[in-house]
Visitor: 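Got a structure here, written out as structure tokens. Questions coming.
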Amino acid sequence: MSDPLPEPEDGARDWQLDHTRAPIATKIVVAGGFGVGKTTFVRSVSEITPLQTEALMTRASEETDDLSATPGKLTTTVAMDFGRITLDDDLVLYLFGTPGQQRFWFMWDDLVRGAIGAVVLADTRRLTDCFPALDYFESCGLPYIVAVNHFEGTERFEAEDVREALTVPPHVPVVIMDARKRYSVVETLLAMVGQALQATPEQP
């Protein structure tokens, strides 16, 4: 006599109960300067409790981290942020947020390995902070988009104005978003997936 089938789990998706199929798992990196909103980006959209490696800011960082644009920031990411979001029954995205400070850039090569693309977050108050990330992804050939995280109390700029200021190539999408709002982050991730698909050569 065969074992009885397990009872369906509340909230489970079809593919989670069907052991003959598995979702496509992809990896996206969220990068940008210090205090630009990477941790908030991952936290806003993750279905799981995101893994965060934040530490309290100390006096030792005063000479290396510019807090003039983020005076209320008390913590900083010292390794990475990690989260997960299911965009479709067969598509799961794993999000890896990079640390923004230069002294942690040595970790980027490991975090980027296997990623389909990257979201470069930008703050219009200090656009130059995202140049290292833009240069990095250009040099390694990883598809990316630029997402301008709009902070309250700051002037709004059009996407094309940001593109011109950063000299972003025409084929790279530039979007205006709010890292605190889930729908805005989802739209940004969908734009990133679309960019990765366009950059992937068609199979013969």
Side-chain angles (χ1 to χ4, degrees), residues 13-16 21-33 36-48 50 80-98 100 108-109 111-124 127 129-151 156-204:
R13 298 174 182 269
D14 291 341
W15 60 262
Q16 291 172 315
R21 55 190 287 211
I24 299 172
T26 58
K27 176 181 179 180
I28 287 179
V29 173
V30 183
V36 78
K38 299 181 293 296
T39 298
T40 301
F41 185 103
V42 174
R43 185 171 56 230
S44 295
V45 79
S46 181
E47 300 167 342
I48 61 174
M80 67 174 182
D81 299 310
F82 171 76
R84 184 190 72 198
I85 176 175
T86 303
L87 287 184
D88 197 357
D89 283 349
D90 293 322
L91 179 59
V92 176
L93 298 183
Y94 292 99
L95 308 178
F96 289 78
T98 66
W108 281 33
D109 288 342
L111 291 176
V112 166
R113 189 172 294 115
I116 64 168
V119 175
V120 178
L121 285 182
D123 180 350
T124 55
L127 284 177
D129 287 1
C130 67
F131 277 128
L134 295 175
D135 292 342
Y136 179 89
F137 297 123
E138 281 286 350
S139 65
C140 70
L142 190 70
Y144 68 93
I145 70 169
V146 175
V148 180
N149 187 18
H150 179 66
F151 289 83
R156 269 192 174 272
F157 292 90
E158 296 296 326
E160 289 309 308
D161 293 334
V162 176
R163 178 189 302 281
E164 183 178 352
L166 294 175
T167 62
V168 175
H171 69 277
V172 175
V174 177
V175 300
I176 309 296
M177 53 86 65
D178 187 333
R180 300 167 302 174
K181 299 178 180 178
R182 187 178 192 277
Y183 76 88
S184 185
V185 175
V186 170
E187 289 178 350
T188 302
L189 291 172
L190 287 172
M192 175 61 259
V193 172
Q195 177 71 354
L197 289 173
Q198 283 195 347
T200 302
E202 295 183 6
Q203 297 296 323

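Positions are given from 1, in the same order as the sequence printed here.
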Visitor: Would you confirm whether Ser139, through its side chain, and Tyr136, through its main-chain N or O, come within 3.5 Å as a donor-acceptor pair?
Guide: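 Yes: the side chain of Ser139 pairs with the backbone of Tyr136.
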
Visitor: Which heavy atom of Ala179 sits nearest a heavy atom of Gly37, and at what distance?
Guide: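 Distance-wise, the nearest heavy atoms are CB-O, 3.9 Å.
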
Visitor: Main chain of Val42, side chain of Ser46: is a donor-acceptor contact present, judged purely on distance under 3.5 Å?
Guide: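 The answer is no, because no donor-acceptor pair under 3.5 Å joins these two groups.
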
Visitor: Do Thr167 and Leu134 touch side chain to side chain, with heavy atoms closer than 4.5 Å?
Guide: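 The answer is no; the side chains never approach within 4.5 Å.
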
Visitor: So does Val172 get a backbone contact from the side chain of Arg163, meaning a donor-acceptor N/O pair under 3.5 Å?
Guide: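 A pair under 3.5 Å: yes.
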
Visitor: Take a 6.0 Å sphere around CD of Glu138 and say whether it holds more than 12 heavy atoms from other residues, nucleotides or ligands.
Guide: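 Check passes, neighbour count above 12.
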
Visitor: Indicate yes or no for a side-chain donor-acceptor contact from Asn149 to the backbone of Leu121 under 3.5 Å, with no hydrogens or angles considered.
Guide: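 Such a contact is absent between Asn149 side chain and Leu121 backbone.
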
Visitor: Please tell me if the side chains of Arg182 and Ile85 come closer than 4.5 Å, counting only heavy atoms from C-beta onward.
Guide: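 Touching, per the 4.5 Å side-chain cut-off.
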
Visitor: Would you give the length of the straight line joining atom CG of Leu95 to atom CG of Leu189, rounded to the nearest 0.5 angstrom?
Guide: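 Going from CG on Leu95 over to CG on Leu189, the span is 5.5 Å.
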
Visitor: Do any N or O atoms from the side chain of Thr40 and from the backbone of Arg180 form a donor-acceptor pair under 3.5 angstrom?
Guide: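 Answer holds: no.
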
Visitor: Is it the case that the side chain of Gln195 and the backbone of His171 share a donor-acceptor pair, with hydrogens and angles ignored and the cut-off at 3.5 Å?
Guide: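 The answer is yes, because a donor-acceptor pair under 3.5 Å joins these two groups.
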
Visitor: Side chain to side chain contact (heavy atoms under 4.5 Å, CB included), that's the test. Do Leu142 and Val112 meet it? Break it down for me.
Guide: CA-CA 9 Å; Leu142 190 70; Val112 166; 3.8 Å; yes

Visitor: Quick one about Thr39 and Asp81 (side-chain donor to acceptor, distance below 3.5 Å, no hydrogens or angles considered), yes or no?
Guide: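 Asp81 vs Thr39: donor-acceptor pair found between side chains.
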
Visitor: What is the ring orientation for Trp108 with Phe137, classed by angle as parallel under 30°, tilted 30 to 60°, or perpendicular over 60°?
Guide: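 The rings of Trp108 and Phe137 lie parallel, inter-plane angle below 30°.
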
Visitor: If you define the side chain from C-beta out and look only at heavy atoms, does anything of Pro143 sit under 4.5 Å from Met192?
Guide: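 When only atoms from C-beta onward are counted, Met192 and Pro143 do touch, with a gap below 4.5 Å.
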
Visitor: Look up atom OH in Tyr94 and atom OG1 in Thr26, then write down how far apart they are to the nearest 0.5 Å.
Guide: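 Reported value, rounded in 0.5 Å steps: 9.0 Å.
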
Visitor: Just jot down the side-chain hydrogen bond (donor to acceptor under 3.5 Å, both in side chains) partners of Arg156, sequence neighbours excluded, or say none.
Guide: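 Listed in chain order: nothing, the list is empty.
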
Visitor: Side chain to side chain contact (heavy atoms under 4.5 Å, CB included) for Ile48 and Phe82? Distances and angles first, verdict last.
Guide: CA-CA 9 Å; Ile48 61 174; Phe82 171 76; 4.0 Å; yes

Visitor: Taking Phe96's backbone N and O only, do any of them form a donor-acceptor pair with Lys38's side chain (distance below 3.5 Å, no angle check)?
Guide: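 No; zero donor-acceptor contacts below 3.5 Å.
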
Visitor: Starting at OH of Tyr183, measure out to CG of Asp178 and round the result to the nearest 0.5 Å.
Guide: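 Interatomic distance, Tyr183 OH to Asp178 CG, rounded to 0.5 Å: 7.0 Å.
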
Visitor: If you measure from NZ on Lys27 to CG on Leu111, what distance do you get to the nearest 0.5 Å?
Guide: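 With rounding to 0.5 Å, NZ (Lys27) is 6.0 Å from CG (Leu111).
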
Visitor: Check Ala133 against Val120 and note the closest heavy-atom contact, atom names and distance.
Guide: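 The answer is CB-CG1, 4.0 Å.
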
Visitor: Between Val119 and Ala147, what is the shortest heavy-atom contact and its length?
Guide: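 Taking Val119 first and Ala147 second, the nearest heavy atoms are CG1-CB, 3.8 Å.
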
Visitor: When rounded to the nearest 0.5 angstrom, what is the spacing between OG1 in Thr188 and CD1 in Ile145?
Guide: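 Reported value, rounded in 0.5 Å steps: 5.5 Å.
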
Visitor: To the closest 0.5 Å, what do you measure between NE2 (His150) and NZ (Lys181)?
Guide: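 So the NE2 of His150 and the NZ of Lys181 are separated by 9.0 Å.
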
Visitor: Closer than 3.5 angstrom, by distance alone: can the side chain of Arg84 be matched with the main-chain N or O of Leu93 as a donor-acceptor pair?
Guide: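 Side chain of Arg84 to backbone of Leu93, a donor-acceptor pair under 3.5 Å: no, none is there.
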
Visitor: Does any part of the side chain of Val36, heavy atoms only, come nearer than 4.5 Å to the side chain of Asp129, both counted from C-beta?
Guide: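 The answer is no; the side chains never approach within 4.5 Å.
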
